[in-house]
Amino acid sequence: MIELDRAQARQIAVRAQLLGAERPESLFSTVDQLTMLQIDPTAAIAPNVDLVAWSRLGDGYEHSDLRFALEEERSLVEQSSFIRPMDDIGLVLATARDRMHSSTYEWLEANARFRTDVLALLAAEGPVTAAEVPDTSQVPWQSSGWTNDKNVDRLLEMLCRVGDVAISGRRGKLRTWDLPERVYPADLEIPSYDDAKALLDERRLASLGVARRTSKIQGEEVAAANRGLPCVIDGVGGEWRVDPDALAAADDDFEGRTALLSPYDRLVYDRDRALELFDFDYVLEMYKPAAKRRWGYFALPILHDDRLVGKLDAKVDRKAGLLRVFAVHEDFAWDPAIGDAVEQEIGELAAWLGVAVEHVR
């Protein structure tokens, strides 16, 4: 059995997430290693896709880079709630059943005519936004949440997941939908489910470096499955899996840096893993009443070298041209070097956003 100490495990995780001192070369290479960028519209600082990309690439990254990769270069693609490498789309479509409940397939079958109407419209007029698609559903989508009776949005989303439609781009914040043959490569291959799942599991573990064999968040697999090599981590119970390439590089000297992370960043997305490897206690508190928040509405986890050391409570005021810093929470007493590095990174974030820093006391 392979044995790692916690420092080795942390450094493997940080390297795998491209958060060491050496930055990646491009947006595509970043997404290719991370395998995905989660789409979330919250913009207290910046949308998640931009914040994750900036934390890896630095001030050379601009949102226009993402639009170019998605809509012109087509090296990346938006699919469901994620930005993924276009090269992975066949794997994602082959494993669509893992991300859809059986009731969803039943709803699609009950709305066969609705599906036919939508595909005909896209063939004739695509790309279109959801608002331009008539609702001809036979059976309404029923939910206790915000999607209730949003039949067009639900149909387009589900048809995208199974590969019948594709997201071609955006008009402002609105997604545009089209036939997949106009978006995906002409030579797109859909492998078998087993082959696709194995490769996606391998890629996920490579992006994490080290992970539990099983772990899910809201139905999404965020662990290694049975890929990689079994290992144990000193001081942490149970079996882990480690990526072979990451393990081979573990003896190289580690050089870290300071980074401000999105709450949806995959280094911290699995809160249990972050607690076990980094002793990092974190909850996204945007849904809590203000009086019950410990760290802030959209607090950014702070990475320094191979440790998660605190949280930044800040918010952008675009009209005032300010990044307002309400608090910098230290998980332990920082030495001056950490404080200086964090303050510098806050300044870098503000410069990238095109605003000034204001510390609110």
Side-chain angles (χ1 to χ4, degrees), residues 1-25 29-38 52 55-56 82 84-85 87-88 91-92 95 98 194-217 219-257 259 261-262 264-282 301 303-309:
M1 179 68 71
I2 297 165
E3 297 182 4
L4 302 173
D5 61 38
R6 293 178 77 187
Q8 288 175 312
R10 290 195 302 267
Q11 290 167 14
I12 286 172
V14 169
R15 277 194 178 113
Q17 279 288 297
L18 303 178
L19 287 164
E22 184 177 352
R23 293 183 183 269
E25 295 182 353
S29 64
T30 299
V31 181
D32 189 47
Q33 171 61 23
L34 303 185
T35 76
M36 65 175 71
L37 299 180
Q38 183 173 333
V52 172
S55 66
R56 273 71 177 177
F82 301 96
R84 299 181 184 270
D87 292 344
D88 283 356
L91 306 178
V92 174
T95 56
D98 288 348
D194 289 342
D195 288 348
K197 187 175 187 311
L199 189 49
L200 282 177
D201 289 343
E202 286 180 4
R203 285 182 48 67
R204 186 188 314 111
L205 178 56
S207 76
L208 296 171
V210 61
R212 291 291 191 185
R213 188 177 65 82
T214 60
S215 181
K216 289 188 176 182
I217 298 176
E220 179 198 343
E221 185 61 70
V222 294
N226 289 313
R227 315 316 296 178
L229 303 172
C231 70
V232 293
I233 300 172
D234 184 40
V236 183
E239 183 182 312
W240 294 71
R241 313 290 290 196
V242 61
D243 176 65
D245 291 337
L247 181 64
D251 290 334
D252 296 344
D253 290 339
F254 176 81
E255 185 179 356
R257 60 185 175 89
L261 307 180
S262 164
Y264 300 105
D265 196 290
R266 293 290 147 153
L267 189 70
V268 298
Y269 187 66
D270 185 337
R271 311 301 190 207
D272 291 338
R273 175 176 176 266
L275 185 61
E276 290 179 306
L277 294 186
F278 293 88
D279 285 326
F280 188 67
D281 183 20
Y282 182 83
L303 175 71
H304 181 75
D305 290 337
D306 67 347
R307 301 181 68 185
L308 291 162
V309 299

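Because the structure is a prediction, the values reported are computed rather than measured.
- Under the rule for a salt bridge (charged side-chain N to carboxylate O under 4.0 Å, His left out), Asp305 has no partner lying at least two apart in sequence or in another chain.
- Atom-to-atom distance recorded for Leu208:CG and Asp243:CG is 9.5 Å, nearest 0.5 angstrom.
- Here Arg307 pairs with nothing under the salt bridge (charged side-chain N to carboxylate O under 4.0 Å, His left out) rule; sequence neighbours left out.
- You'll find the side chain of Leu199 stays beyond 4.5 Å of the side chain of Asp88, heavy atoms only.
- The backbone N or O of Asp5 sits less than 3.5 Å from a side-chain atom of Gln8, completing a donor-acceptor pair.
- Taking CG of Asp252 as the reference point, atom CD of Gln11 lies at 10.5 Å (rounded to 0.5 Å).
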Go through it in stages, so that I can follow the logic: the residues are Ile2 and Trp240, the test is side chain to side chain contact (heavy atoms under 4.5 Å, CB included), and I'd like the CA-CA distance, side-chain angles, deciding distance and then a yes or no.
CA-CA 10 Å; Ile2 297 165; Trp240 294 71; over 6 Å; no
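- Closest of all the heavy-atom pairs between Gly228 and Pro244 is CA-CD, 4.1 Å.
- Between Cys231 and Glu3, every side-chain heavy-atom pair lies at or beyond the 4.5 Å cut-off.
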Test side chain to side chain contact (heavy atoms under 4.5 Å, CB included) on Ile233 and Leu277 and set out the steps.
CA-CA 9 Å; Ile233 300 172; Leu277 294 186; 3.6 Å; yes
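- Here Glu202 contributes atom CD and Asn226 contributes atom CG; the two are 11.5 Å apart, rounded to the nearest 0.5 Å.
- Using a cutoff of 4.0 Å between basic side-chain nitrogens and carboxylate oxygens, Arg212 and Glu276 are scored as salt-bridged.
- Closest of all the heavy-atom pairs between Ser262 and Val52 is CB-CG2, 4.1 Å.
- Of all heavy-atom pairs between Leu34 and Ala16, the closest is CD2-O, 4.4 Å.
- Arg56 and Gln17 are linked by a side-chain donor-acceptor pair at a separation below 3.5 angstrom, with hydrogens and angles left out of the test.
- Closest approach of Ala196 and Leu91 over heavy atoms only: CB-O, 3.8 Å.
- In this structure, Glu255 has no side-chain hydrogen bond (donor to acceptor under 3.5 Å, both in side chains) partners at least two apart in sequence or on a different chain.
- Salt bridge Asp32/Arg203: present, at least one basic N to carboxylate O contact under 4.0 Å.
- Contacts of Asp279 classified as salt bridge (charged side-chain N to carboxylate O under 4.0 Å, His left out), with partners at least two apart in sequence or in another chain: Arg6.
- Ion pairing between Glu239 and Arg241 holds under the 4.0 Å rule for side-chain N and carboxylate O.
- Residues Arg84 and Val92 are in side-chain contact: their nearest non-hydrogen atoms beyond the backbone lie under 4.5 Å apart.
- Within the 3.5 Å criterion, the main-chain N or O of Val268 finds no donor-acceptor partner in the side chain of Asp265.
- The closest side-chain heavy-atom distance from Ile217 to Arg271 is not below 4.5 Å.
- Shown here are the salt bridge (charged side-chain N to carboxylate O under 4.0 Å, His left out) partners of Arg204, two or more places apart in sequence or in another chain: Asp201.
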Walk me through it: do Asp234 and Leu4 pass the test side chain to side chain contact (heavy atoms under 4.5 Å, CB included)?
CA-CA 6 Å; Asp234 184 40; Leu4 302 173; over 6 Å; no
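- Atom OG1 in Thr95 sits 11.0 Å away from atom CG in Asp194 (nearest 0.5 Å).
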Could you walk me through whether Phe82 and Val31 pass the side chain to side chain contact (heavy atoms under 4.5 Å, CB included) check?
CA-CA 11 Å; Phe82 301 96; Val31 181; over 6 Å; no
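- Between Leu303 atom CG and Arg10 atom CZ the span is 10.5 Å, to the nearest 0.5 Å.
- A salt bridge is defined here as a Lys NZ or Arg NE, NH1 or NH2 lying under 4.0 Å from an Asp or Glu carboxylate O, and Glu220 with Arg266 meets this definition.
- Remark: the backbone N or O of Ala206 is paired with a side-chain donor or acceptor of Gln33 at under 3.5 angstrom.
- With sequence neighbours left out, the ring-ring contact (aromatic ring centres under 6.0 Å, His included) criterion links Phe280 to Tyr282.
- For the atom pair CG of Asp98 and CD of Glu221, the computed distance is 9.0 Å after rounding to the nearest 0.5 Å.
- Nearest approach of Val232 to Gly238, heavy atoms of both residues: CG1-O, 4.1 Å.
- Residues Leu247 and Val242 come closest through the heavy atom pair CB-CG2, 4.1 Å.
- Salt-bridge formation is not detected for the pair Arg257/Asp306: no Lys NZ or Arg NE/NH1/NH2 atom is positioned less than 4.0 Å from an Asp or Glu carboxylate oxygen.
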